[in-house]
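Taking it in order: structure first as structure tokens, then the write-up.
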Protein chains: 2
Amino acid sequence: MTLSHPDSSARAPRPSASVELRSIAIEQFASAGFAGTSLQQIADLAGYSKSSVLYHFASKEALLEAALGPALDRLEQILPGVGGLSSSPQARARFIEDFIDFLLEYRLEVHTFINQGQSLRGIPVIDRGNAIIGALAASLTTGFSSTQQKIRFGVALGGAAYALVGGMNFAGDDLLPPEEVRPALIATVSELLAPAAPTDV
Amino acid sequence: MTLSHPDSSARAPRPSASVELRSIAIEQFASAGFAGTSLQQIADLAGYSKSSVLYHFASKEALLEAALGPALDRLEQILPGVGGLSSSPQARARFIEDFIDFLLEYRLEVHTFINQGQSLRGIPVIDRGNAIIGALAASLTTGFSSTQQKIRFGVALGGAAYALVGGMNFAGDDLLPPEEVRPALIATVSELLAPAAPTDV
DNA sequence: GCAGAACCTGACCGATCGGACAGCTAAGGT
DNA sequence: ACCTTAGCTGTCCGATCGGTCAGGTTCTGC
């Protein structure tokens, strides 16, 4: 990819086009939806032609995959730690922090996936993400899978994702700063996922 | 509308087409998105022609308005009761129950609105809904509008909406029955919106 | 019987969709 | 000098989009 690009330190105002297109794409997919975003829009926003977008990414689906892939890789990394939820409180806190940090780092990807994960079923990268979240849910509800537990998991996951990107424009004028959101979100999610030991507020 | 329809008790297997189209439309808007749903799809699912859809509803936006309108009317009805949140515990519980029942009754409408309320900005019925939720958020954060409070509100609203329709396919195979979800959801949301007096689980 | 409203349809419109393809330019290796 | 490759573009394609329109059918009120 960047092997034949010796101008990494030279004058290169353009961040290699591919990266730029991907970031613009995920921004649009999250805010306007996958179906609601055309390749022409992405091209216009990036200052390229539609043909150029299709040169870097073979199809619209490939662009979605490039946009969501890294987030899924990261999520798969922290997934094994979910086992710690039922062990020590430290391991539990550790996983929740990792998970919240994941949400914060991949705001747009998570938002896209949460909102459109059902309607885009069939696209490989979406199915992959659905499988990961399914595994996450299975781990969380191991042993006690009461309706209450399921609701708590659903509210925690969907609520956190929604609060991060989607709905904060209702509570305020614009997005809240991550350094302020992080502790509040950790406290709230900890409380939801650990009902036996309610965190102090 | 139905004034000139005396066959209300006669043989009329078709529920007046308008109603049928609206219910199919909201179902599609919620599951596939507004942009991702074509008038042709709706027509096919209903067994009508696209022209017929546009006969009953002047435009795609008008169909969206007809689909979401009743839910917004109902939400506006229960909105004044939000003032009770800061008064007696009974009034608070009453409002939360009303709100959860609203979510249950208008699952699809709420899901549509929560997921696409931002991207569809500009459409009158969407703006109206945004204004209502804004008023709701303002009432809830009156007095103490700390980041923690905003997060709690966001998680409660988005989480409840998500758990109702969107994400339960992760925790189980299909949607949970409302009579089981209701008490669990009431308990969870009560806890989130009233951190000072945590509900027992 | 007749006018007219309500209902439904196929044909058609311009615009836009995702995508295929040929060709242009600049840079690098030989 | 030459060729290859990467990057980017304009043009074109069939399909589909939301929407208009003229006409057909059936039912109702007079």
Side-chain angles (χ1 to χ4, degrees), chain A residues 1-22 24-25 28-29 32-67 116 119-120 122-126, chain B residues 1-22 24-25 28-29 32-67 116 119-120 122-126:
Chain A
M1 303 289 181
T2 50
L3 283 176
S4 57
H5 240 304
D7 53 56
S8 58
S9 59
R11 47 178 177 89
R14 273 294 172 82
S16 83
S18 262
V19 178
E20 196 178 5
L21 284 172
R22 188 174 57 198
I24 289 181
Q28 288 304 113
F29 290 159
F34 182 72
T37 301
S38 68
L39 295 177
Q40 191 65 248
Q41 288 177 29
I42 297 173
D44 290 346
L45 286 173
Y48 291 105
S49 68
K50 191 181 66 171
S51 302
S52 200
V53 176
L54 283 165
Y55 166 76
H56 288 285
F57 303 94
S59 67
K60 196 185 179 185
E61 284 193 10
L63 182 49
L64 179 69
E65 180 156 354
Q116 308 171 57
S119 59
L120 299 183
I123 300 178
V125 68
I126 297 290
Chain B
M1 304 291 181
T2 51
L3 283 174
S4 55
H5 239 302
D7 54 57
S8 56
S9 60
R11 48 177 176 90
R14 274 293 173 81
S16 84
S18 262
V19 178
E20 196 178 5
L21 284 172
R22 189 175 55 198
I24 289 181
Q28 290 304 114
F29 290 161
F34 181 71
T37 302
S38 69
L39 295 176
Q40 191 65 249
Q41 288 178 27
I42 297 174
D44 290 345
L45 286 173
Y48 291 106
S49 69
K50 191 181 67 172
S51 302
S52 202
V53 177
L54 283 165
Y55 167 76
H56 289 284
F57 304 93
S59 67
K60 197 185 179 186
E61 283 194 11
L63 181 50
L64 180 69
E65 181 157 353
Q116 308 171 56
S119 59
L120 299 182
I123 299 179
V125 69
I126 297 289

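Because the structure is a prediction, the values reported are computed rather than measured.
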From D:dC8, C:dC17, C:dC8, nucleotide with atom closest to B:Tyr55 side chain: C:dC8

Write down the atom of A:Ser18, the atom of A:His56, and the distance for their closest heavy-atom approach. OG-ND1, 3.2 Å

How long is the line joining CD1 of B:Ile42 and P of D:dT16, in whole Å? 17 Å

B:Ile123: partners by side-chain contact (heavy atoms from CB on, under 4.5 Å), with sequence neighbours left out: B:Phe34, B:Glu61, B:Leu64, B:Leu120, B:Val125, B:Ile126

Listed by chain and number, what are the side-chain contact (heavy atoms from CB on, under 4.5 Å) partners of A:Ser38, not counting sequence neighbours? A:Gln40, A:Gln41

For nucleotides 18-20 of chain D, print each protein N/O atom paired with a nucleotide N/O atom at under 3.5 Å, atom names and distance only.
{"unit_1": "D:dG18", "atom_1": "OP1", "unit_2": "B:Thr37", "atom_2": "O", "d": "3.4"}
{"unit_1": "D:dG18", "atom_1": "OP1", "unit_2": "B:Lys60", "atom_2": "NZ", "d": "2.9"}
{"unit_1": "D:dG18", "atom_1": "OP2", "unit_2": "B:Leu39", "atom_2": "N", "d": "3.0"}
{"unit_1": "D:dG18", "atom_1": "N7", "unit_2": "B:Lys50", "atom_2": "NZ", "d": "3.0"}
{"unit_1": "D:dG18", "atom_1": "O6", "unit_2": "B:Lys50", "atom_2": "NZ", "d": "3.4"}
{"unit_1": "D:dG19", "atom_1": "OP2", "unit_2": "B:Lys60", "atom_2": "N", "d": "2.7"}
{"unit_1": "D:dG19", "atom_1": "O6", "unit_2": "B:Lys50", "atom_2": "NZ", "d": "2.9"}

Separation of atom OH in A:Tyr48 from atom P in D:dA6, rounded to whole Å: 17 Å

Scan A:Val19, A:Leu45, A:Leu63, A:Asp44 and name whichever one has a side chain to side chain contact (heavy atoms under 4.5 Å, CB included) with A:Ile24. A:Leu45

Look at A:His56 and D:dA6 and indicate whether a side-chain polar atom (N or O) is within less than 4.0 Å of OP1 or OP2. no

Mind calculating the distance between CD (A:Gln41) and P (C:dG18) to the nearest angstrom? 8 Å

Test of understanding: with side-chain contact (heavy atoms from CB on, under 4.5 Å), list the residues that count as partners of B:Ser49, not counting sequence neighbours. B:Ser51, B:Ser52

Which residues pass the side-chain contact (heavy atoms from CB on, under 4.5 Å) test with A:Ala66, not counting sequence neighbours? A:Arg22, A:Phe57

When the distance from CG of A:Leu21 to P of D:dG7 is rounded to whole Å, what number comes out? 12 Å

Protein-nucleotide distance (A:Phe57, atom CZ; D:dC8, atom C1'), rounded to Å: 14 Å

